[in-house]
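If you read the sequence from its start, that first residue is 1, and numbering goes on from there. Note that this is a predicted model, so its numbers are computed, not measured.
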Amino acid sequence: MNLKLSRALRNRLLKELRGKSESASEVDELFNILLQLTLAIMLIFMMAFFLYKLNTGDTHMEMRQLQQELADARRQQLQAVLDRIETAYRERYALTKFEAVDADNKRIYRASEVIVDGKIGDLPLLREAFVEGGRAAYTDYARPGELEEQWLRSVRDQVPQLTGDEVTFVREEIARRLQALKHGVTEVQLQAAAAIQQYLVRHPDEVEDARIHELLVRLSREDDPKLRRLLVTELNSLLKQYAFARLRQESGTPLLEDLR
């Protein structure tokens, strides 16, 4: 008795529904509410059947099967709660502003458009999303232990009296989801930094660092493939750090890169 939607089916449904609702979060909320109602109805019928089996003296094997079905239903309820919490944090970090679904129904991020002429652009929605989302993510992930406990408290508020096995399951899920969210924010910031790097390669005169400027000018004039490879190797690390520094200055907040 497993009513959990596969990730691929859920992503396809979200893709279709996003055009009909005001936001992706509303679609997620609708899915969670429907799942909660379904699980509640399932639990009522399963408990009634469980009591019936007790009264009719059916075998121990059947009772164990019923108990497993109840545990599975409870786990799906926990998954629905965790989905809702994850959605809230996905919005807190503004990932919803930069995410899309590729041809394989996998979530991807597109953040390079936030950079205009080597700087964070002036488009209010994108600028605020990038800056405030990054600030919130840095604040949370600077204290990972507190963040995990905050998630666990949110789960307990909605699903009280967790068993020991359920707590273990929830902690594992929280760790996995926190890692995925961190990866998402990091990817957004990396794409923004890469856009700055690409701009500076095309406009070396805007680089204030003397060494990087010199290397970029030499690279633009060098035709020998071997020498170009050497210049690129030296430039990669320097230019990456320079781009991150500019991004940090532009946003006025530390980056997740700073927590490594």
Side-chain angles (χ1 to χ4, degrees), residues 89-90 92-100 102 106-147 175-260:
Y89 276 87
R90 189 170 293 280
R92 171 173 166 78
Y93 304 149
L95 290 174
T96 52
K97 298 295 190 300
F98 303 104
E99 66 183 19
D102 65 11
K106 294 181 180 180
R107 181 182 283 117
I108 59 175
Y109 298 97
R110 295 172 177 166
S112 58
E113 293 180 357
V114 77
I115 301 300
V116 178
D117 294 335
K119 300 178 181 180
I120 298 177
D122 294 328
L123 193 62
L125 290 178
L126 282 181
R127 183 179 183 87
E128 181 180 0
F130 184 85
V131 173
E132 297 304 326
R135 179 177 289 114
Y138 181 85
T139 299
D140 288 350
Y141 282 93
R143 299 186 296 273
E146 293 182 19
L147 180 59
R176 181 181 67 80
R177 292 166 187 259
L178 286 177
Q179 184 60 35
L181 289 172
K182 185 177 182 180
H183 172 77
V185 177
T186 301
E187 177 66 20
V188 167
Q189 294 178 345
L190 280 173
Q191 288 186 17
I196 293 177
Q197 287 179 259
Q198 293 168 8
Y199 176 84
L200 293 176
V201 168
R202 297 191 301 269
H203 302 84
D205 289 341
E206 295 190 25
V207 177
E208 297 175 358
D209 184 281
R211 179 57 179 164
I212 296 176
H213 178 267
E214 177 191 354
L215 290 171
L216 285 172
V217 172
R218 287 175 57 188
L219 181 64
S220 67
R221 297 172 179 173
E222 184 59 64
D223 295 326
D224 186 286
K226 292 183 179 180
L227 292 178
R228 285 183 63 86
R229 283 196 296 271
L230 290 174
L231 289 171
V232 168
T233 300
E234 186 175 356
L235 258 174
N236 274 339
S237 177
L238 292 174
L239 193 56
K240 179 181 178 180
Q241 293 306 314
Y242 185 82
F244 272 123
R246 175 173 285 197
L247 193 60
R248 198 178 293 113
Q249 180 181 13
E250 283 280 312
S251 63
T253 184
L255 308 173
L256 289 190
E257 175 78 10
D258 301 325
L259 295 176
R260 291 188 177 185

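Taking CG of L235 as the reference point, atom CZ of R218 lies at 9.5 Å (rounded to 0.5 Å). To the nearest 0.5 angstrom, Y89 atom OH is 6.0 Å from D140 atom CG. Distance check: L238 CG to T233 OG1 gives 11.5 Å after rounding to the nearest 0.5 Å. Within the model, atoms CD of Q191 and CD1 of I196 stand 12.5 Å from one another, a figure rounded to the nearest 0.5 Å. Note that CG of L190 and NE2 of H183 are 9.0 Å apart. Values are rounded to the nearest 0.5 Å. In this structure, CZ in R90 is found 8.5 Å from OG1 in T96, a value given to the nearest 0.5 Å.
Applying the side-chain contact (heavy atoms from CB on, under 4.5 Å) rule to V201 yields the partners L216, L239; only residues at least two apart in sequence or on another chain are considered. Listed by chain and number, the residues in a side-chain hydrogen bond (donor to acceptor under 3.5 Å, both in side chains) with E132 are R135 (sequence neighbours excluded). Checked against side-chain contact (heavy atoms from CB on, under 4.5 Å), R260 has the following partners two or more places apart in sequence or in another chain: T186, E257. The side-chain contact (heavy atoms from CB on, under 4.5 Å) test applied to P254 returns Y138, D258, not counting sequence neighbours. When the ring pair (Phe, Tyr, Trp, His ring centres under 6.0 Å) test is applied to H203, the partners found at least two apart in sequence or on another chain are Y199. Residues passing the side-chain contact (heavy atoms from CB on, under 4.5 Å) test with A192 are V114, I115, F130, L247, sequence neighbours excluded. Judged as a side-chain hydrogen bond (donor to acceptor under 3.5 Å, both in side chains), and not counting sequence neighbours, the contacts of E146 are R143.
When all heavy atoms are compared, the tightest approach of A243 to A193 is CB-O, 3.5 Å. Across G134 and Q189, no two heavy atoms sit closer than the pair CA-NE2, 3.8 Å. Nearest heavy atom pair, residue K97 against residue A129, reads CG-CB, 3.7 Å. Residues G133 and A94 come closest through the heavy atom pair CA-CB, 4.1 Å.
Between K119 and E250 there is no salt bridge, since no side-chain N of the basic residue sits under 4.0 Å from a carboxylate O of the acidic one.
Residue pairs meeting the salt bridge (charged side-chain N to carboxylate O under 4.0 Å, His left out) criterion with at least one member in residues 224-246, sequence neighbours excluded: R211-E234. Sequence neighbours left out, not one pair with a member in residues 241-260 passes ring pair (Phe, Tyr, Trp, His ring centres under 6.0 Å). Counting only residues at least two apart or on different chains, no salt bridge (charged side-chain N to carboxylate O under 4.0 Å, His left out) pair has a member in residues 122-131. Listed by first and then second residue, the salt bridge (charged side-chain N to carboxylate O under 4.0 Å, His left out) pairs that reach into residues 181-208 come to none, sequence neighbours excluded.
Open room surrounds CD on Q249; 12 or fewer heavy atoms of other groups in view lie less than 6.0 Å from it. Counting heavy-atom neighbours within 6.0 Å of E214 CD, excluding the residue itself, gives a total above 12.
Put simply, the side chain of Y109 reaches to within 4.5 Å of the side chain of E99, judged on heavy atoms.
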